[in-house]
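A quick write-up on the structure given underneath.
Indexing begins at 1, ligand by ligand and atom by atom, following the structure's order.
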Amino acid sequence: MTDQLSKEQQRLAELESEISKFEEAITNIRQGDFSETSDELNRAMTENTKLKFRLEILNKAISNERKSLKTAPQVSGMISIVSHLKDVFQQAIVAAFPELNNAPCVVTESPKADYQCSSSMAICQLLKEKQIKTSPMEVAKKIIEKIPYSSLIDKTEISGPGFINIFLSKDYVKQAIHSILNDGVKPPQTEKKRIVIDFSSPNVAKEMHVGHLRSTIIGDSIARLLEFMGHDVLRINHVGDWGTQFGMLIAHLEDRFPDFVNVSPPIADLQSFYKESKKRFDEDEEFKKRAYDRVVKLQSGESNSTKAWQLICDVSRREFQKIYDSLDIKIVERGESFYQSRMEKLVKELETKGLLEADDGRFIMWGDKNDDFGGIPLTIIKTGGGFTYDTSDMATIKQRIEEEKADWLIYITDAGQATHFKAIFSCAKRAGILDSSKIRVDHVGFGVVLGEDGKKFKTRSGDTVKLAELLDEGLKRSIAKLMEKERDKILNEEEMKEAQKNVAYGCIKYADLSKNCKNEYVFSFDKMLEDKGNTAVYLLYANTRICSIARNLGEEFLKSLPKLKKETSIELEHVKELKLAKVLIQFPDIIDRILRDLTINTLCEYLYQIATTFTEFYDVCYCIEKNKQGEIVKINTSRILLCEAATAVMSECFKILGLKTLQKI
Ligand code: ARG
């Protein structure tokens, strides 16, 4: 800020305070405090008018000075605009209404202006409660008077009964685009946290079904987002690898392959193996007894049982890994078995604290009375002494807070487990394990996957759909789509393969991520492979096309790009240029919003908004002009750079969603 500007601002502040003194005096006199004579009143009123006039002149001078400022605006880089405006308006509200200590400050994006502050009505109400009569309009005026200088704001306007419309300064928009081009797409600033995210988590020997696929895709994307924010993220695969079913699996293995300790048994089809053992368990009392005996042995660490259990887990692990490799998912396996000794300790702790209640042979624990814990108690010890899914999750929460030193725990499962997690969080609070003022816990619950017939997702023959087969089907469909679009004429074999995979897996992931995860979701290859609307195919195509705008200008141009990014001033003269730029610089706000409630579909909507705003821009703003012979006669560098900024933001969104972009399509 220039010296001149700061001097003028100081003078302005002095004048404002003089005026308010005069205004106070005038009000006193009007209210019957006749300690001043009417001459005094007249003098004060004239003086007040003069001062107001001077104030107006100074205000104008300042606004002109701001416009002519050549120096960089005070905020640099990409920032969360909504948070910045909230700070600015918070200051203004406090200055305008020092008598209120709980005045709300609400700033949101607005279709009419760029942003809007809608606090006036609520503040008016609060003032009324203090017997101060005013109107939202008056409140809005007072807030506007107190807005401190911000390089982001071009102007403000009152709209409707007292909304304050906020218009962004074009200089700020230009500067933020410049920052995207030169510093990259940066996350909003935040304090680094240790986060444990529990997702995917299929069950050994049982099917990894589409529900686990949802958990895998959503969990991976949330983890990617948190990693992008710079947090320290531990991705945990809480596989179901403990419990009664292992007793029967081990007993069955001992019978069928007594030499399993030396020879790897052929249990490639673990599912049928599981079915066989279950049948015996249900029909054969003697087998059942042995199965129970094996669980006890396994849980006490007996070596042959442990060896058998490891073999079974290995088979499942290999199957899971195939899916993770295809979808490029990184995750650390730490199943229920990991918590055995911790569950023992935990149960003792709960007993000592007097939190367990005997209930018909089992031991239960109720959540905190003040919480919504779902109304159902946890079963901590089963009749007969075993632990349950509840016990293991109480142990996960304790282990993750105390040993992993996590500040934030996230669990991703089907919405059917919402009550389970409510009870877990509440009991953990009651037991003094979870201090919710220090640690954030989230359960992200998603809806069931349905087939196109609206029924539970099954194959035609009624079996559950195997994930590996589903992914293969995706590959087949995507290559068919690419052939239909005659991509094989443009792409070589390797590029075709890459496109096939990226399109197939991208579509499967995007179809899942782009819906509000709380709702049911209809799995349809036809819909997800459509190339119109908010689909992965449309967006991947759009991004590749944007990328190729600069690429088509040739090697030389590409080489000069870094220099151009630094030196070119971004012109945002056309409304569609400005509109696109304003969408791009919302990125940090979008991220902030997602972090609040972990709704990744917001990012998909944003991506789609960029793509459609880009089309609006590209339809009317020439980036490259060619003559009739098709030769380039003019390159609009600023617009090319805007395209570069668009693909930079889009690419970052794709990365967070776990989608791989394509160089050529
Ligand atoms: N294995 C469980 C299931 O298939 C999901 C486990 C989720 N994680 C947890 N800590 N409970 O439903």
Worked check of ring-ring contact (aromatic ring centres under 6.0 Å, His included) between His420 and Tyr411: CA-CA 11 Å; His420 164 76; Tyr411 295 84; 8.4 Å; no
What are the two closest non-hydrogen atoms of Val441 and Trp408, and how far apart are they? N-CD1, 4.5 Å
If you compare all heavy atoms of Ser200 against all heavy atoms of Ile331, which two are closest, and at what distance to 0.1 Å? CB-CD1, 4.0 Å
So is [X] touching ligand 1 or not, going by heavy atoms under 4.0 Å?
X      : result
Phe421 : yes
Glu336 : no
His420 : no

Pair Gln310, Asp314: side-chain N/O donor-acceptor within cut-off below 3.5 Å: no
Look only at interatomic distance and state if Arg400 has a nitrogen or oxygen under 3.5 Å from any nitrogen or oxygen of ligand 1. no
Does any N or O of ligand 1 fall below 3.5 Å from an N or O anywhere on Asp414, backbone included? no
Does the ring centre of Phe523 sit less than 6.0 Å away from the ring centre of Phe525? yes
For [atom], closest protein heavy-atom neighbour:
atom                    : result
atom 8 (N) of ligand 1  : Asp198 OD1, 3.0 Å
atom 2 (C) of ligand 1  : Ser201 O, 3.5 Å
atom 4 (O) of ligand 1  : His212 NE2, 2.8 Å
atom 12 (O) of ligand 1 : Gln417 NE2, 3.0 Å
atom 6 (C) of ligand 1  : Tyr389 OH, 3.2 Å

Parallel, tilted or perpendicular: which fits the ring planes of His443 and Phe421, with parallel below 30° and perpendicular above 60°? parallel
Should the ring pair Tyr606 and Phe587 be called parallel, tilted or perpendicular, given that the plane angle runs from 0 to 90° and is split at 30 and 60? tilted
Can you list the atoms of ligand 1 that are under 4.0 Å from a heavy atom of Tyr411? 10 (N)
At a 4.0 Å threshold, what atoms of ligand 1 neighbour a non-hydrogen atom of Thr413? 7 (C)
Tell me every residue that passes side chain to side chain donor-acceptor pair (under 3.5 Å) with Arg290, counting only those two or more places apart in sequence or in another chain. Asp255
Once you restrict to heavy atoms under 4.0 Å, what part of Val239 touches ligand 1? Side chain, backbone, both or neither. neither
Enumerate the residue pairs fulfilling salt bridge (charged side-chain N to carboxylate O under 4.0 Å, His left out) with a member in residues 593-604, sequence neighbours excluded, ordered by first and then second residue. Glu109-Arg593
